[in-house]
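All values derive from a computational prediction rather than experimental measurement. The first residue of the sequence shown is numbered 1, and numbering continues consecutively from there. Counting convention: from 1, in listed order, for ligands and their atoms alike.
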Amino acid sequence: MAKRWTNDLTAADVTPEAVFWNRRKLLAGLAGAGLGSIASGAIADDALEPNTWEEVTTYCNFYEFGTGKTDPATYAHEMTTSPWEVEIDGLVDNPGTYGFEQILAEMTLEERIYRFRCVEAWSMVIPWQGFELADLLNLAGVQEGAKYVAFETLLRPSEMPGTRYPVLDWPYREGLRLDEAMHPLTLMATGIFGKPLPNQNGAPLRLVVPWKYGFKSIKSVVKITLTDQEPPTSWNMANAREYGFYSNVNPEVDHPRWSQATERRIGGGLFSRRQPTLMFNGYEKEVASLYDGMDLTKYF
Ligand SMILES: Nc1nc2c(c(=O)[nH]1)N[C@H]1C(S)=C(S)[C@@H](COP(=O)(O)O)O[C@H]1N2
Ligand SMILES: [Mo]
């Protein structure tokens, strides 16, 4: 089992006033993660000052509710998130339908303050709560021969006005290589700022892969499939030339229509300058070895 990744910032640094949802489990998770250890993700010029609740919950991409940045905050409240079930199938020992509460009961929640970089060249810093995807996959029992993990978002047109239009091939689908999925940085988030995930951010649980462009971090997950084939993914199906399967943040590989060398930090204010984008979004030390020997311009 890989060593757990730890933050140097704690939940208390972000929202001292926050009333933590399921505080007991969260604290247990923090203790288990070994507080006070050196932050592997932090760099000198980036104090990981989190964005505000307002910014994170009103400037969103969730095309099932429309393509405008404020559409998710406007319409996603219509999505029913309880009860919620996640089907886990494919190459697993324990396939089946897992209730959200049932999953939570088995998982240890942790606080993770991550950089978040959208492929559109804006970014935020978000304090998540969640559990490592690896823990859930281990619960399901990954079988020999599994090489990839495929994910699907809920598709319920009656509650998701954006899905009445063929903007993407619904349901929204994403995928990871198994080693990426099992990496300790890869999170299934259940909350932000110590509160349950708002619907517009992907309630009740969504993937967070901090070294990849934001569209890999699929929201409101209802299905997880272990497979031996690279799974089809929504943005790659829509435009393979612009959106690769890997989509690792890489300032040296531009999007065909814009540069990826810099980014605009949301909430930076009137005088904010664009800041340089970091290789693997600043998580190079943790994840670069996953891609040893790979041509990252070919597998972009
Ligand atoms: N199901 C689904 N997941 C999604 C998206 C989406 O449209 N539908 N948008 C992606 C994109 S492009 C980004 S940048 C992030 C945005 O997450 P946030 O709104 O919580 O910041 O969600 C990703 N996950
Ligand atoms: Mo994005």
Exercise. Kindly write out the residues that satisfy side-chain contact (heavy atoms from CB on, under 4.5 Å) with H77, not counting sequence neighbours, or none if the list is empty.
Key: none

Self-check item: Hydrophobic cluster partners of F300 (side-chain heavy atoms under 4.5 Å)
Solution: V253

Quiz item: How would you list, by chain and number, every residue that makes a ring-ring contact (aromatic ring centres under 6.0 Å, His included) with F151, sequence neighbours excluded?
Solution: none

Self-check item: Donor on one side chain, acceptor on other, R265 and S123, under 3.5 Å
Solution: yes

Self-check item: Within 6.0 Å of CZ in F116, more than 12 heavy atoms from elsewhere
Solution: yes

Quiz item: Who's touching ligand 1 if we go heavy atoms under 4.0 Å?
Solution: C60, N61, F62, Y63, E64, F116, C118, W122, T153, Y172, N201, R206, G214, F215, S217, I218, K219

Practice problem: Apply the side chain to side chain donor-acceptor pair (under 3.5 Å) test between K212 and each candidate in N248, N281, N250; give the one that qualifies. | Solution: N248

